[in-house]
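Here is the structure we will look at, set down as structure tokens.
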Amino acid sequence: MYDKPVLLVIAHGSRDPRHAATVHALVRRVRSLRPGLRVETGFLDFNVPSVHGVLESLAAEGVRDVVALPLLLTRAFHAKADIPAVLREAPPQLRIRQADVLGPSPLLLRALERRLYEAGLTPADKSSTGVVLASAGSSDPEAIAVIADIAREWRHTGWCAVRPAFASASLPRTEDAVRELRALGCERVAVAPYVLAPGFLPDRIARGATEADVLADVLGPAPEVARVLLERYDGARLPRLAAIGA
């Protein structure tokens, strides 16, 4: 029997095999940071195991406490509707707490900068570089506002300028934000995908970055991302968060 809740990482899933591979790499990093914690992965769609299947298996093993962590950067439809609906269908003997989404977090800004530096920039380039913060996009106004807030906050860390962009549902697109930064007079323009794993929309971001000087990789299994997952897990264990279905 486990003396602490099992961490269930809930990913969206994708037909693109790179998505699941990246999710599993991130989960392996989380396990390496906290060896005594049991971490499982479930997918909402396209990939196996499904969230429901993992929950059924945990209940059959005798697990009682689970922290369900949405592998999402903003609190949009999946976090507000899809995931709670799936969790309500869990076996009744499970006590499930839904953790907060990953963003916003200062650690994610550090992960974004890590990816930009890995792509060839240096801290000395910040003042002359404009950055496009390119997210997947959402029809949820709250999620869009969060991305805009992150861009404003990131600008204050020394970049020439930071502009948000969206691969779907919202404007501007990545290529338009790149051109705007050029027009502002930034010496170079970099695109930082604010996405966790490769797939259809990240590929669209990459296509929109063809006129940029630098295209960073997705956040993926960056150590800072793994640390955010553990922060959200720890936060969900606090008594102030009520168990779903209790």
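Just so you know, residue 1 is the first one in the sequence shown, and it goes up from there.
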Is S168 reaching over with its side chain to a backbone N or O of A136, donor-acceptor style, under 3.5 angstrom?
yes

Is any NZ, NE, NH1 or NH2 atom of the basic residue among K4 and D234 found under 4.0 Å from an Asp or Glu carboxylate oxygen of the other?
no

Return the set of residues passing salt bridge (Lys or Arg N to Asp or Glu O under 4.0 Å) with D45 (not counting sequence neighbours), or none when no residue passes.
none

Applying side chain to side chain contact (heavy atoms under 4.5 Å, CB included), name anything that partners A59, two or more places apart in sequence or on another chain.
P91, Q93, L94

For L171, enumerate each residue passing the side chain to side chain contact (heavy atoms under 4.5 Å, CB included) test, keeping only those at least two apart in sequence or located in another chain.
R173

My understanding is that only residues two or more places apart in sequence, or in another chain, count here; which of them pass side chain to side chain contact (heavy atoms under 4.5 Å, CB included) with L107?
S105, R110, E224, R227, V228, E231

Please set out all donor-acceptor pairs under 3.5 angstrom arising from side-chain atoms of residues 191-204, sequence neighbours excluded.
residue	atom	partner	partner atom	Å
D203	OD1	R18	NH2	3.1
D203	OD2	R18	NH2	2.9
R204	NH1	A167	O	2.7

Look up atom OG in S14 and atom NE2 in H19, then write down how far apart they are to the nearest 0.5 Å.
6.0 Å

Do L8 and V67 have side chains that get closer than 4.5 Å, going by heavy atoms?
no

Pairs in or reaching into residues 174-184: which pass salt bridge (Lys or Arg N to Asp or Glu O under 4.0 Å), with residues at least two apart or in two chains?
R163-E180, D176-R179, R179-E211, R182-D213

Residues at least two apart in sequence or cross-chain that pass salt bridge (Lys or Arg N to Asp or Glu O under 4.0 Å) with E118, listed by chain then number, are R115

Residues passing the salt bridge (Lys or Arg N to Asp or Glu O under 4.0 Å) test with D82, sequence neighbours excluded, are none

Would you mind reporting whether I10 and L69 have side-chain heavy atoms less than 4.5 Å apart?
no

Aromatic ring pairing F46/H12, orientation class (parallel under 30°, perpendicular over 60°, tilted between):
tilted

Any non-hydrogen side-chain atom of L72 less than 4.5 Å from a side-chain atom of L102?
no

Check ring-ring contact (aromatic ring centres under 6.0 Å, His included) between H52 and all other residues, then give those that pass, not counting sequence neighbours.
none

So V189 and V131, do their side chains get closer than 4.5 Å, heavy atoms only?
no

Would you say that V6 contacts D65 through its side chain, given a criterion of any heavy-atom pair below 4.5 Å between the two side chains?
no

Please report, to 0.1 Å, the donor-acceptor pairs under 3.5 Å made by any side chain of residues 214-223, with sequence neighbours excluded.
none

Do the side chain of R31 and the main chain of L37 share a donor and acceptor less than 3.5 angstrom apart?
no

Is K80 paired with D140 through a side-chain N to carboxylate O contact shorter than 4.0 Å?
yes

Could you list all the salt bridge (Lys or Arg N to Asp or Glu O under 4.0 Å) pairs where at least one residue sits in residues 120-134, not counting sequence neighbours?
E113-K126, D125-R188

L71 and L26: side chain to side chain contact (heavy atoms under 4.5 Å, CB included), yes or no, with the steps?
CA-CA 10 Å; L71 198 60; L26 174 58; 3.8 Å; yes

Counterpart residues, side chain to side chain contact (heavy atoms under 4.5 Å, CB included), relative to P164 (two or more places apart)
I147, A151, F166

Lys/Arg N to Asp/Glu carboxylate O, E153 vs R155, below 4.0 Å
no

